[in-house]
There are 2 protein chains.
Amino acid sequence: MDGTVARNEQEDRVLLEPIKVRSLREHVHEELRQAIISGRLRTGLKLNERQLASELGTSTSPLKEALRQLEAEGLVRTEPRRGSFVTFSERQAEEMTLARAALESIIARQAAKHASEEAFDQLRSVIEEMRLVVEAGSINELIGLNERFHDAVHEASGCDYLRRLQNAQRTYNHAARKTVLSREDVRRASFLEHEAIMKAIVTRNEDEAERLMREHILLAGKTHIELVF
Amino acid sequence: MDGTVARNEQEDRVLLEPIKVRSLREHVHEELRQAIISGRLRTGLKLNERQLASELGTSTSPLKEALRQLEAEGLVRTEPRRGSFVTFSERQAEEMTLARAALESIIARQAAKHASEEAFDQLRSVIEEMRLVVEAGSINELIGLNERFHDAVHEASGCDYLRRLQNAQRTYNHAARKTVLSREDVRRASFLEHEAIMKAIVTRNEDEAERLMREHILLAGKTHIELVF
DNA sequence: TGTCAATATCTGATGTATCAGATTTCAGAG
DNA sequence: CTCTGAAATCTGATACATCAGATATTGACA
């Protein structure tokens with residue numbers, strides 16, 4: 001009996017995504033993050049809580065919580081009794097790339113070390129999809145696959161905490177991908193890099209997986225910064 | 001005229017530390033972080049906002065903001081309309097070490113690459129103090145020097161964003177140091193590692209600085225987890 | 001006895017009032 | 001004209017009230 005129930009639950013998971021409530025705070029957080037990374041809110045700008053709250057149509061409570069998250073993510077600096085200020089610059093974008101390279105490459109190593117066969121299959125199948133889309137698909141599809149690939153590596157690594165650290169950068173990564181993958185030569189090169197990373201992981205070559213992932217991220221970061229700044 | 005004013009302001013900075021106000025929120029944040037890392041608040045525990053607020057003698061507002069920070073740091077998981085839960089385990093401690101190793105080693109590389117001569121002097125002088133204290137000083141002094149060393153590396157790297165990411169882990173690092181440095185053999189070995197890192201940085205040997213820092217952190221992390229869990 | 005639904009209650013989410021530190025303004029003394 | 005300091009004002013910090021979703025309880029019905 002128990003087995004059946006568990007089975008059913010698992011099958012439901014495939015059909016029904018767990019309901020996720022997005023609180024007002026999360027929306028505010030996302031909105032501000034986007035605005036900072038895209039440059040709508042310039043570095044150094046003072047964020048007036050009341051003004052922002054009224055612009056976004058909320059009260060200051062969710063806004064303050066969102067500011068604390070941004071602060072922990074390093075996009076905002078807060079001085080008590082003085083206010084919060086936007087902190088984002090070319091320099092910081094560079095450092096975000098370094099951080100991402102450092103973390104993703106460690107995650108890739110863990111994936112090569114610990115991943116299950118099912119996780120390997122996931123990786124392989126994403127790469128196969130990519131192979132097709134890189135030739136004939138839209139850029140948005142490719143961006144989606146790109147994110148699925150990195151998610152699959154994360155999943156394979158089993159590193160929940162590291163994943164969460166990475167997640168803080170998700171918006172920036174997304175913005176970077178969008179810019180970088182707009183170039184055809186980058187799309188092709190990027191695919192080959194992904195493929196090589198996948199191969200290193202499924203052959204459990206930890207050193208290689210780490211090294212390739214790191215180079216992949218650093219290269220993408222460099223390209224992005226060149227294109228944007 | 002302008003020049004003179006700027007000059008004066010800069011000189012003031014040397015004499016007077018800027019006053020830092022610690023808001024209630026920061027106290028709450030620090031308190032909760034400490035409690036989670038030390039194990040007083042167990043993994044999985046549901047954090048009742050009102051109860052915690054009244055225990056700490058505050059209202060729920062600063063508490064909620066502190067929870068958002070902890071969430072971004074990965075010590076707390078929040079499900080909308082359900083509540084916040086403590087997330088900290090041996091597995092997570094391991095991953096925190098991995099993250100720290102990844103970030104600190106990148107910072108060490110940047111330090112070797114970019115640091116000024118003054119920054120080198122700072123590093124050398126900390127190491128010289130350590131050399132004395134490791135033989136004849138108290139453990140607390142050594143912990144202090146340890147932190148000053150890593151701060152000096154951070155300072156030398158010029159990586160503000162990466163520093164801030166690291167800072168989120170500061171409390172955990174402190175706790176780990178306290179445990180690890182309680183052993184004499186570790187104190188001696190650790191000093192030699194620090195010295196080697198310093199030498200790699202001041203000779204601008206980037207690869208070596210990165211590698212040594214990484215090994216240093218991973219070793220310390222392993223020791224800590226063995227001693228605690 | 002087990003199921004289900006109505007209800008009570010708990011608790012996070014949000015809004016708003018108020019407090020207090022920081023900044024700005026401006027008048028008066030030197 | 002410059003400097004000082006008091007008052008006005010701005011704005012972040014905090015407390016508290018209220019709303020609404022989630023959970024627990026209970027009692028009726030099959």
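Protein chains get the first letters and strands the later ones, always in sequence-line order, with residue 1 at the start of each.
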* Asked: Relative to the 5' end of DNA chain C, which residue comes earlier, B:Ser61 or B:Leu47, by the nucleotide with the nearest heavy atom?
  ->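 Its nucleotide being nearer the 5' end, the pick is B:Leu47.
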
Distance in angstrom units between [X] [atom1] and [N] [atom2], rounded:
{"X": "B:His29", "N": "D:dA13", "atom1": "NE2", "atom2": "P", "answer": "15 Å"}
{"X": "A:Arg81", "N": "C:dT23", "atom1": "CZ", "atom2": "P", "answer": "12 Å"}
{"X": "A:Asn48", "N": "C:dA22", "atom1": "CG", "atom2": "P", "answer": "17 Å"}

* Tell me, with the steps shown, if B:Glu79 and B:Arg81 meet salt bridge (Lys or Arg N to Asp or Glu O under 4.0 Å). => CA-CA 6 Å; B:Glu79 295 179 33; B:Arg81 299 276 173 193; over 6 Å; no

* Using a cut-off of less than 4.0 Å, is there contact between a side-chain N or O of B:Lys64 and OP1 or OP2 of C:dA13? -> yes

* Supply the atom-to-atom distance A:Leu98 CG to B:Leu165 CG, rounded to the nearest 0.5 angstrom. => 11.0 Å

* Asked: Would you find more than 12 non-hydrogen atoms of other residues, nucleotides or ligands less than 6.0 Å from A:Gln122 atom CD?
  ->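 Not more than 12 within 6.0 Å, no.
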
* Ignoring hydrogens and angles, answer whether the base of D:dT18 and the side-chain atoms of B:Arg50 contain a donor-acceptor pair closer than 3.5 Å. =>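 Counting by modelled atom types and ignoring angles, a donor-acceptor contact under 3.5 Å is found here.
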
* Quick one: the side chain of A:Arg82 and the base of D:dG12, do they pair up donor-acceptor inside 3.5 Å? -> no

* To do: Grab the stems for DNA chain D, please: at least three consecutive Watson-Crick or wobble pairs, both distances below 3.5 Å, written as range with range.
  =>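 So far as stems of 3 or more pairs are concerned, DNA chain D shows C:1-30 with D:1-30.
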
* Structure fact -> Tested for side-chain contact (heavy atoms from CB on, under 4.5 Å) against A:Val180, the lone hit among A:Asn146, A:Thr223, A:Leu219 is A:Thr223

* To do: Would you classify A:Thr60 as touching base, sugar-phosphate or nothing, given that sugar-phosphate means primed atoms plus P, OP1 and OP2, and contacts are heavy atoms under 4.0 Å?
  =>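 Base: the residue A:Thr60, judged by heavy atoms under 4.0 Å, touches a nucleobase.
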
* **Test of ring centre spacing under 6.0 Å for A:His224 and A:Tyr172** => yes

